[in-house]
Number of protein chains: 2
Amino acid sequence: MNLSVAEENYVKAIYKLQEGDNVVSTNALAYELDTKPASVTDMAKKLKEKQVIDYEKYKGITLTAEGRKTALQIVRRHRLWECFLVEKLSFSWEEVHELAEELEHVRSEKLTNRLSEYLGNPLIDPHGDPIPDANGKITKPRPQTSLDQANAKRLVVTAVTDQSVSLLAFLNAKSIKLGTQLEIIAHYEYDNSIEIKIKNQPTLTISEQVAKHIMVRPV
Amino acid sequence: MNLSVAEENYVKAIYKLQEGDNVVSTNALAYELDTKPASVTDMAKKLKEKQVIDYEKYKGITLTAEGRKTALQIVRRHRLWECFLVEKLSFSWEEVHELAEELEHVRSEKLTNRLSEYLGNPLIDPHGDPIPDANGKITKPRPQTSLDQANAKRLVVTAVTDQSVSLLAFLNAKSIKLGTQLEIIAHYEYDNSIEIKIKNQPTLTISEQVAKHIMVRPV
DNA sequence: ATTATTATTTAGACAAATCTAAATAATTAA
DNA sequence: TTAATTATTTAGATTTGTCTAAATAATAAT
């Protein structure tokens, strides 16, 4: 299936919002892609025509098997480029998303596979998200919850679900990165804040707002 | 100056055809970009508006200082990616052009400079063409002639002026690559063929047709 | 079970980049 | 120096991806 860059971005966004097999609404997709619902409806018709999505008026969108395969290829390219930028070109964590957003649209299986090989066929990207292999097989992300809902005390950061520059810069400033181990000191319901402690650092207070984008698993 | 991918391709092509300061004709540009003269006229108006070219009806096209700067940035990115693909991902000589054609449009100075650094700030790309530095300074390609017009006997291959897959594959098959040293045994006028000898290889006969795309300099 | 609200779609328009066919300018040849 | 040829531009159309405003469907609230 030969898709334009715009179409690829739709497929990727649908994949992301589907999270398994949820039906994706026009509005949610418009919000995700920072566009208008009317534009989504237009594109939905095209993607249905190209058989990458199932779509019926007012019934929402899901990827076909073909569409899922395409999405996984895009995700694979994106995450491999992120690895490359961080590991080989010394970019920091929060800078790579936008660049990978462009690089991911160079569709060459050979390039993708060579890149993967060059990086040692990594299984997770710098944000902790799993990288699909050449056949589109993706390891289920390990059991993780957002920091605001964690019940264990000692945790390790596995991913960040909001790639906004502001959040990533904030985390950087607080020395919270992938693999950072932390301990929950207290969770204050009355002001929606969480007190955490990272080894060798002063105790930190963060909002639930931020915490819900930090994925962790017990350590 | 913020140019679209299409606009960047025009600027790059104009730079190539200008070769110093020649005026570029609508037809020549259309041929180079595999498009129609009418499309070139349309785009010329836009690029003039954006002040990257000088253009008057029926008078042809030249780059402005700004346009030249942009062209050199694109050329820089293109050639650095070619280096990366050949040196780091083990692509062969003739495969990299098309991929670099896409990668070159990711415009990030930081990425470009990091990539250059990572590659050891190379001065020439795998085709032997010089790579502009971060300021757009480009070393004049060393004195070279096409193989069919060379007068010296012992030569070294410095570049190939035709990036067609067929030619590059042919050269690959004959073990003619960048830096290959060769000797002219004979130049037969009557059938437009040239006999050459590469060390440790049987004598080879190639057509002038091919030879004129192989750039060499005396060694 | 109507009404109000929200979500989605349709209709019609626009910008970018291209095209074809026709018109016009520039160049070359007779 | 006219006529013929070639190069270039214009006019009008097309495709892709987007938009706004209006219409319609689905859902929630009274």
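In the text below, chain A, chain B and the rest are named by the order of the sequence lines, each starting its count at 1.
- Where A:Tyr10 and A:Lys57 meet DNA chain D, the nucleotide closest to each residue was compared, and A:Tyr10 sits on the side nearer the 5' end.
- No contact: B:Lys59 has no heavy atom under 4.0 Å from any strand.
- Protein atom CE of A:Met43 is 17 Å distant from nucleotide atom C1' of C:dT8, rounded to whole Å.
- Closest contact between the side chain of B:Ser39 and the listed nucleotides C:dT18, C:dT9, C:dA17 involves C:dT18.
- Whole-Å rounding puts the A:Tyr58 OH to C:dT10 P distance at 6 Å.
- One interatomic measurement links the two molecules: CG of B:Leu29 to C1' of C:dT18, which rounds to 14 Å at whole-angstrom precision.
- Contact annotation for B:Thr41: base contact, defined as any heavy-atom pair under 4.0 Å involving a base atom.
- Proximity of A:Tyr55 to the phosphate of C:dT9: a side-chain N or O atom is located under 4.0 Å from OP1 or OP2.
- Contact between B:Leu63 and B:Arg68 at its shortest, heavy atoms only, is O-NH1, 3.7 Å.
- Side-chain N/O atoms of B:Thr35 include none lying less than 4.0 angstrom from OP1 or OP2 on C:dA17.
- Between the NZ atom of A:Lys46 and the C1' atom of D:dT14 there is a distance of 13 Å, given to the nearest Å.
- Spacing between atom CG of A:Asp42 and atom P of C:dT9 amounts to 10 Å, rounded to whole angstrom units.
- Comparing A:Ala38 and A:Ala6 against DNA chain D, the residue whose closest nucleotide sits nearer the 5' end is A:Ala6.
- With D:dT9, D:dT10, D:dG17 as the choices, the nucleotide that has an atom nearest any side-chain atom of A:Glu7 turns out to be D:dG17.
- Atom-to-atom, CG of B:Leu47 to P of D:dT9 comes out at 13 Å; the value is rounded to the nearest Å.
- Put simply, NZ on A:Lys36 is 17 Å from P on C:dC14, counting in whole angstrom units.
- Computed from coordinates, the B:Leu33 CG to C:dA17 P distance equals 13 Å when rounded to whole Å.
- With hydrogens and angles disregarded, no donor-acceptor distance shorter than 3.5 Å links the side chain of B:Asp129 to the backbone of B:Asp125.
- Between B:Trp81 and B:Phe84, the ring planes are perpendicular. Angles over 60° get that label, and only those under 30° would be called parallel.
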Report task. Using the salt bridge (charged side-chain N to carboxylate O under 4.0 Å, His left out) rule, take A:Lys16 and A:Glu32 through it: C-alpha gap first, then chi angles, then the decisive distance, then the call. Result -> CA-CA 9 Å; A:Lys16 180 180 170 185; A:Glu32 173 71 23; 3.2 Å; yes
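- Within the 4.0 angstrom heavy-atom criterion, only backbone atoms of the sugar-phosphate kind lie near A:Thr26; the bases stay farther away.
- Between B:Gln149 and B:Lys212 there is no side-chain heavy-atom pair separated by less than 4.5 Å.
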